[in-house]
Amino acid sequence: MKALEQKIVTEGNVLSDSVIKVDSFLNHQIDPLLMKQIGQEFADRFSDTKITKVLTLESSGIAPATMTGLILGVPVVFAKKRKPITLAEHFSTEVYSFTKKEMNNITIAKEFLKPDDNILLIDDFLANGQAVSGMVDIIKQAGASLAGVGIVIEKGFQHGGKILRQEGIRVESLAII
């Protein structure tokens, strides 16, 4: 996706050999026009599947997931990294954050994922695949189906994308660095 690639080149900041900072348009400040294009691209790429829900992990996946859900006309559900006291029945799993170097117990209310759901999973980055694997675990717990995974930026020099694809998961990345 050319518009995304251009943003990465002009506004991305390489902090180390494994970290790129894109907080001017994706992770801290959000470029809504770019997010709309990203949502449209994911909707187009997964037009061959009947998506019933878009799923993401808070917080940086919410903007591209919301735009994708808007264009597809389906609800967007996001996993919470901290379980609120109001969350009774829920699915949960542990996910390691590569960027924050911490383990998170992510949760989703059972009422929002059902066995008849066909889920499109959207995330901002794919590095080692830990977040996606955790979300896939929750989808399995719900008995739902995974249509595929949409990634805004894949770190091709790390192994997450390769591992997920070898597991038979459809991964569509808009930019691979």
Side-chain angles (χ1 to χ4, degrees), residues 1 4-5 8 17-20 22 26-27 38-69 71-72 74-81 90-110 112-177:
M1 190 179 148
L4 174 61
E5 292 171 3
I8 294 168
D17 62 350
S18 61
V19 178
I20 183 168
V22 291
L26 180 62
N27 296 113
I38 286 170
Q40 185 65 59
E41 185 68 24
F42 283 137
D44 291 347
R45 289 189 186 201
F46 288 94
S47 64
D48 61 331
T49 59
K50 175 114 176 73
I51 306 298
T52 60
K53 290 199 177 128
V54 174
L55 181 63
T56 193
L57 178 61
E58 73 175 346
S59 64
S60 297
I62 293 174
T66 298
M67 289 300 188
T68 304
I71 293 163
L72 290 171
V74 300
V76 176
V77 178
F78 67 90
K80 296 180 178 251
K81 291 181 182 173
H90 62 278
F91 303 109
S92 68
T93 194
E94 287 196 335
V95 171
Y96 181 75
S97 170
F98 175 81
T99 308
K100 294 181 179 149
K101 306 280 189 227
E102 66 183 19
M103 190 66 77
N104 291 296
N105 188 23
I106 62 170
T107 59
I108 297 176
K110 285 187 175 184
F112 299 127
L113 293 181
K114 301 294 181 191
D116 60 343
D117 280 322
N118 193 31
I119 307 292
L120 173 56
L121 178 56
I122 300 289
D123 207 1
D124 61 335
F125 272 96
L126 175 58
N128 293 317
Q130 297 295 312
V132 171
S133 293
M135 299 292 280
V136 169
D137 179 47
I138 285 181
I139 292 167
K140 288 178 182 175
Q141 289 177 46
S145 300
L146 176 65
V149 178
I151 300 295
V152 178
I153 302 171
E154 179 179 340
K155 295 179 180 179
F157 55 89
Q158 291 178 299
H159 302 292
K162 181 180 178 182
I163 292 167
L164 294 170
R165 289 177 181 99
Q166 286 176 342
E167 292 175 3
I169 295 174
R170 178 180 174 187
V171 179
E172 295 283 341
S173 299
L174 302 187
I176 300 177
I177 58 172

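Please read all numbers here as calculations on a predicted model, not as lab measurements.
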Gap separating the [atom1] atom of [X] from the [atom2] atom of [Y], nearest 0.5 angstrom:
| X | Y | atom1 | atom2 | value |
| --- | --- | --- | --- | --- |
| E58 | N104 | CD | CG | 8.5 Å |
| M1 | Q40 | CE | CD | 10.0 Å |
| K80 | I106 | NZ | CD1 | 13.0 Å |
| S60 | I153 | OG | CD1 | 10.5 Å |
| I51 | L120 | CD1 | CG | 4.5 Å |
| K114 | D117 | NZ | CG | 8.5 Å |

Can you name the closest pair of heavy atoms from [X] and [Y] and give their distance?
| X | Y | answer |
| --- | --- | --- |
| V76 | A65 | CG2-O, 3.4 Å |
| Q158 | S18 | NE2-CB, 4.3 Å |
| G61 | D123 | CA-OD1, 4.3 Å |
| T56 | M135 | O-CE, 3.0 Å |
| R165 | S173 | NH2-OG, 3.7 Å |
| V95 | G134 | CG2-CA, 3.8 Å |

For R170, all residues meeting side chain to side chain contact (heavy atoms under 4.5 Å, CB included), sequence neighbours excluded: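 Residues passing side chain to side chain contact (heavy atoms under 4.5 Å, CB included) with R170: F46, D48, T49, E172.
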Expected output: side-chain S133 to main-chain Q130 donor-acceptor under 3.5 Å: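 No, the answer is negative, given that no donor and acceptor are paired below the 3.5 Å cut-off.
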Please set out all donor-acceptor pairs under 3.5 angstrom arising from side-chain atoms of residues 138-150, sequence neighbours excluded.
residue: Q141; atom: NE2; partner: S92; partner atom: O; Å: 2.9
residue: Q141; atom: NE2; partner: D137; partner atom: OD2; Å: 3.0

Side chain to side chain contact (heavy atoms under 4.5 Å, CB included) assessment of N105 paired with T93: CA-CA 6 Å; N105 188 23; T93 194; 5.5 Å; no
K53 NZ/CZ over F112 ring centroid, <6.0 Å and within 45° of normal: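 No.
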Residue pair V22, F125: steps toward the side chain to side chain contact (heavy atoms under 4.5 Å, CB included) verdict: CA-CA 10 Å; V22 291; F125 272 96; 3.6 Å; yes
Side chain to side chain contact (heavy atoms under 4.5 Å, CB included), paired with F78, selected from V54, I108, I122, I62: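 Among V54, I108, I122, I62, the one that satisfies the side chain to side chain contact (heavy atoms under 4.5 Å, CB included) with F78 is I62.
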Candidate pair L121 and I169, rule side chain to side chain contact (heavy atoms under 4.5 Å, CB included), full reasoning: CA-CA 11 Å; L121 178 56; I169 295 174; over 6 Å; no
Validation row: K110, F91 side chains within 4.5 angstrom (heavy atoms):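 Answer yes - side chains close enough.
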I20 and I8, any side-chain heavy atoms less than 4.5 Å apart: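 Side-chain contact under 4.5 Å: yes.
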Evaluation steps, side chain to side chain contact (heavy atoms under 4.5 Å, CB included), between L26 and V152: CA-CA 9 Å; L26 180 62; V152 178; 4.0 Å; yes
Between T52 and N118: side-chain donor-acceptor atoms closer than 3.5 Å: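 Result is no, nothing qualifies.
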